[in-house]
Amino acid sequence: MFILTNKLLIDKEQNLVKNEAMSKQKAKTDNQKNLILGIETSCDETGLALVEKSPKQSPVIKRSLIYSQEKIHQKTGGVVPEIAARKQVEKIFPLLNKLVEEELEGSLEKIKAVAVSHGPGLVGSLLVGVNLAKTLSFGLDKPLVKVNHIKAHLYAGFLTEEEIELPAIGLIASGGHTLLVLIKSHDKIKLLGSTKDDAAGEAFDKVAKLLKLGYPGGPAIEKISQGTKKSSFNLPRPLIDKGLDFSFSGLKTAVLTRVKKIGRNNLSDQEQVELAYEFQEAVVEVLAKKLFKACKNTKAKTAIIGGGVTANKRLKEKIKEEGLTAKLVTPRIDLATDNGAMIGARASFLFEKGLTVDWRKLEVKPNLSI
Ligand code: KG4
Ligand code: ZN
């Protein structure tokens, strides 16, 4: 980091004269495409992306690079924060170098702004991305955009080349969060409901562990449930008819009770499949119903979903089965989980509105809410 900062300081001095000339051209360049570097390191994915946006158009990915630590954390059945942070440090510079060499002819000068996810997330992991972003902003004299990781999940949808009409309802279902929001505009996002206990993805991970299906639980449960159409188990649909809040911990306990009754080591393959299937049905039904209800209440014309759980095919089917009239915007499957492109995408709208921060004032916010 020190060597990089020194190099950037030299570049910065050389750029001062150039920048003065450039500011005179600002009015002209404001109508041009903005190229944003998006940085994501809030948990166990290292994501770096270049996202381009023209005025009045949806952002487009120029390149997105992701390193996932999934295999490392499979051994422990969940993310170990210290290991996650150390791997972030190890991986971020090779990824940055690759991006700069392969997409920017070796120079970061072409980017308009640096954007970073500053929370919520694991403090050690977040610090890696935030420190890199601050260093680049200072050294290259580029504006810095701070991005809320939860909100960013919805902006993967804006990368699908769709025309997105606001106001929209947003459903975020990830490993750390499950909530419904109303996106009135890019800087006015209102919380409508959230989970009172576990997040949907967290419940998938815990239930998969109970059923000995490994980590991460969501893809494992989805895979084993494929082809199944019914189950002899009946699990609750928590809070299904009550408002827009969620609760998934009771559902996980209900699976635990069934498993204990049978005996964890006596669970047959059939029982394992049927429990996984019924659990997935319960989660997707609750998510789909509440999304439908939020759209109906607000008369929103668009519904955008995002976060790891929205990679689930059954969830998308169930939303359609609910008869949603709002246009459904789903993220590309590889952009449902954490990535730098969603950070760049959200930042591209914030940057257009002039919402930048001074690098000296940016701090990590592990408990940031919506
Ligand atoms: O959005 P994400 O990558 O990270 C957070 O910000 O939390 O979400 C990860 C979560 C994990 O809990 C994982 O089990 C879940 O998303 N997930 C899925 C699927 N793919 C990932 N859940 C259900 N079905 C999937 N296909
Ligand atoms: Zn996430």
Side-chain angles (χ1 to χ4, degrees), residues 38-47 64 66-71 73-74 77-79 81 84 88 116-122 125-126 129 147-157 170-179 194-195 198-211 213-226 246 248-249 251-252 276-277 279-288 304-319 330-343 345-346 366-370:
I39 304 174
E40 161 57 39
T41 65
S42 68
C43 189
D44 60 339
E45 261 99 21
T46 314
S64 172
I66 303 170
Y67 170 77
S68 171
Q69 303 177 19
E70 201 175 279
K71 291 218 161 59
H73 300 289
Q74 262 165 3
V79 177
Q88 292 282 7
V116 65
S117 165
H118 72 125
L122 302 171
S125 290
L126 284 167
V147 174
N148 178 318
H149 176 91
I150 312 174
K151 291 178 184 168
H153 267 301
L154 295 174
Y155 282 74
L171 168 70
I172 299 139
S174 68
H177 304 90
T178 298
L179 40 93
S194 61
T195 181
D198 291 355
E202 189 181 353
F204 266 103
D205 294 336
K206 286 177 177 170
V207 167
K209 210 170 185 175
L210 271 173
L211 298 176
L213 291 171
Y215 175 87
I221 289 181
E222 176 166 24
K223 192 166 171 221
I224 199 173
S225 308
Q226 257 160 27
F246 302 90
F248 293 107
S249 90
L251 180 57
K252 168 204 68 196
Y277 166 82
F279 166 77
Q280 178 174 270
E281 285 298 299
V283 176
V284 301
E285 192 178 334
V286 172
L287 293 174
I304 310 172
I305 61 172
V309 179
T310 66
N312 190 290
K313 288 194 202 77
R314 185 68 190 119
L315 172 64
K316 286 174 259 188
E317 261 174 39
K318 197 79 190 168
I319 292 172
T330 59
R332 219 172 68 190
I333 193 138
D334 58 316
L335 299 178
T337 46
D338 294 350
N339 63 83
M342 68 184 196
I343 305 300
R346 167 134 179 90
N367 298 317
L368 187 68
S369 55
I370 199 87

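Along the sequence shown, the residues carry numbers beginning at 1. Counting starts at 1 for both ligands and their atoms, following the listed order.
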Exercise. Taking the non-hydrogen atoms of Lys313, is any one of them nearer than 4.0 angstrom to ligand 1?
Worked result: no
Exercise. Any non-hydrogen atom of Gly176 lying under 4.0 Å from ligand 1?
Worked result: yes
Donor-acceptor under 3.5 Å ([X] side chain, [Y] main chain):
X	Y	result
Glu281	Ala276	no
Ser42	Gly119	no
Ser125	Cys43	yes

Numbered atoms and elements of ligand 1 in range of [X], under 4.0 angstrom, heavy atoms:
X	result
Gly217	14 (O)
Thr337	3 (O)
Gly175	5 (C), 7 (O), 8 (O), 9 (C), 10 (C), 12 (O)
His153	1 (O), 6 (O)

Please check whether [X] reaches ligand 1 - meaning an N/O of the residue sits under 3.5 Å from an N/O of the ligand, judged on distance alone.
X	value
Glu45	no
Gly307	no
Gly201	yes

Exercise. What atom name does the N, O or S atom of Asp338 nearest to the Zn ion (ligand 2) carry?
Worked result: OD1
What is the closest protein heavy atom to [atom], and at what distance does it sit?
atom	result
atom 4 (O) of ligand 1	Asp338 OD1, 3.3 Å
atom 26 (N) of ligand 1	Glu222 OE1, 2.7 Å
atom 22 (N) of ligand 1	Gly218 CA, 3.2 Å
atom 24 (N) of ligand 1	Asn312 ND2, 3.0 Å
atom 19 (C) of ligand 1	Gly308 O, 3.4 Å

For this session: Take Ile370 and Lys151 through the side-chain contact (heavy atoms from CB on, under 4.5 Å) test and state the conclusion after the steps.
Result: CA-CA 7 Å; Ile370 199 87; Lys151 291 178 184 168; 3.6 Å; yes
Testing the basics here: between [X] and [Y], what is the closest heavy-atom pair and its distance to 0.1 Å?
X	Y	result
His153	Thr337	CE1-C, 4.1 Å
Met342	Ala152	CB-O, 3.3 Å
Ala199	Ser174	CB-O, 3.6 Å

Exercise. Of the listed options (Val284, Val207, Asp205), which comes nearest to atom 11 (C) of ligand 1 when hydrogens are ignored and any heavy atom counts?
Worked result: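 Residue with the shortest heavy-atom distance to the ligand atom: Asp205.
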Problem set entry | Atom NZ of Lys316 with >12 non-hydrogen neighbours under 6.0 angstrom | yes
For this session: Give me the ring orientation class for Phe248 and Phe246: parallel if the planes are under 30° apart, tilted from 30 to 60°, perpendicular past 60°.
Result: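 It falls in the parallel class, under 30°.
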Exercise. Ile319 pairs by side chain to side chain contact (heavy atoms under 4.5 Å, CB included) with which of Val284, Leu287, Ile305, Thr310?
Worked result: Ile305
Exercise. Among Glu222, Glu285, Lys318, which one satisfies side chain to side chain contact (heavy atoms under 4.5 Å, CB included) with Gln280?
Worked result: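 The side chain to side chain contact (heavy atoms under 4.5 Å, CB included) with Gln280 is passed solely by Glu222 among Glu222, Glu285, Lys318.
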Problem set entry | Metal-centred angle, NE2 of His153 through the Zn ion (ligand 2) to NE2 of His149, rounded to 10 degrees |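 Computed angle, vertex at the Zn ion (ligand 2), rounded to 10 degrees: 100°.
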